[in-house]
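Comments concern the structure below.
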Amino acid sequence: MKNFRFSTMMLWVGFAFIYLPMLILVIYSFNASRLVTVWGGWSTKWYASLLDDRQLMGAVWRSLEIACYTAIAAVALGTLAAFVLTRINRFKGRTLFGGLVTAPLVMPEVITGLSLLLLFVAMAQLIGWPAERGMLTIWIAHTTFCSAYVAVVVSARLRELDLSIEEAAMDLGARPWKVFFLITIPMIAPSLMAGGMMSFALSLDDLVLASFVSGPGATTLPMEVFSKVRLGVTPAINAVASLILLAVSLVTFLVWFFAHRAEEQRRKALQQVMEESQAAIAARPEAKPAQ
């Protein structure tokens, strides 16, 4: 009983440590005072002022756009890398390839950002591309960084799959690409979704890489918030953060809801098939013993 109470207490302490700052941020987004740390009453003027702050809202939409593109590209590249690492056991340079895939996980972002900046500058001098640094270079940098996370998540799922299902499909005449899209992809869909959401969050939150590879007119939300911290943060930043929290919470709830409903439908369909099979077996006439 004591252990149960201690575990429950630590659980609530953990929840408070994670979510209490978010709750305080949402509350202070309704602060009427211009000073963030001074409470001046309830007001929604900072939410209304967001419509007039084109620079801040432009950074928000730019960050969301880059995060969406990064999630799509990182899932595609990370899945291919994970498939190579888990399904192709022997090829020259496999150890080197695995190390290169997972290197961004342990490499400091400062080094990654500086190396990508030097790469873009050298490419611009040699081939004239990219002509200028902006959303495209930020997207490439974020995709390079997030693909490693997706590869780790998807490869863990691929190692747990039962290969007999894919082998049975190929024995029945299905081509490898058809097996991959119709059997493998649905079975690893949860890991793809997890990798995509992780890539979206990492891209939306990144400051270091974007600071190195961005250019004029390509300021992201973390860069905009960091630049305003030096001059003094207004409750408008709290309002933007509260809206992002609301959007992320809604998306997370919808993903959980549809995944839960799909799982319930699959369970009901499987139960119905089992009941029909048992009914068919029960209705089958028993074979008479041979005399």
Side-chain angles (χ1 to χ4, degrees), residues 21-74 109-110 112-113 116-117 120-121 124 129-146 196-254:
M22 299 182 187
L23 179 61
I24 295 175
L25 183 143
V26 173
I27 293 175
Y28 270 86
S29 67
F30 295 96
N31 187 10
S33 175
R34 186 174 181 84
L35 300 177
V36 180
T37 57
V38 177
W39 181 255
W42 296 93
S43 176
T44 58
K45 65 178 183 179
W46 300 111
Y47 288 91
S49 66
L50 292 178
L51 301 177
D52 299 328
D53 195 342
R54 295 184 179 181
Q55 183 176 357
L56 182 59
M57 294 306 298
V60 171
W61 292 114
R62 192 176 299 112
S63 296
L64 292 175
E65 185 177 359
I66 294 174
C68 290
Y69 295 155
T70 299
I72 296 172
E109 289 190 43
V110 175
T112 305
L116 288 172
L117 173 61
F120 292 142
V121 171
W129 183 89
E132 61 181 8
R133 295 188 299 274
M135 289 184 59
L136 179 61
T137 54
I138 298 175
W139 170 64
I140 294 174
H142 286 183
T143 302
T144 304
F145 177 67
C146 296
M197 295 178 66
M198 184 184 299
S199 301
F200 183 88
L202 290 173
S203 175
L204 190 64
D205 184 60
D206 177 71
L207 172 64
V208 179
L209 289 180
S211 299
F212 275 100
V213 301
S214 64
T219 303
T220 60
L221 179 62
M223 295 173 61
E224 184 71 20
V225 173
F226 184 74
S227 63
K228 289 189 175 183
V229 166
R230 307 178 193 178
L231 304 176
V233 179
T234 63
I237 301 297
N238 296 341
V240 172
S242 299
L243 292 177
I244 293 177
L245 283 175
L246 177 61
V248 171
S249 301
L250 289 177
V251 171
T252 305
F253 173 76
L254 291 176

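Residues take their numbers from the sequence shown, with the count starting at 1.
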With distance as the sole test, does [X] use its side chain to make a donor-acceptor pair with the main-chain N or O of [Y] at under 3.5 Å?
X	Y	value
Arg62	Thr219	yes
Asn238	Leu25	no
Ser203	Phe200	no
Thr137	Val213	yes
Trp42	Phe30	no

* Trp46, CH2: over 12 other non-hydrogen atoms inside 6.0 angstrom -> yes

* Would you give the length of the straight line joining atom OH of Tyr47 to atom OG of Ser29, rounded to the nearest 0.5 angstrom? => 2.5 Å

* Structure fact -> Across all chains, not counting sequence neighbours, the side-chain hydrogen bond (donor to acceptor under 3.5 Å, both in side chains) partners of Glu65 are Tyr69

Within the 4.5 Å heavy-atom criterion, are [X] and [Y] side-chain neighbours or not?
X	Y	result
Ser211	Met223	yes
Glu109	Phe212	no
Val60	Glu224	no

* Asked: For the residue pair Tyr28 and Trp39, is the inter-centroid distance of their aromatic rings smaller than 6.0 Å?
  -> yes

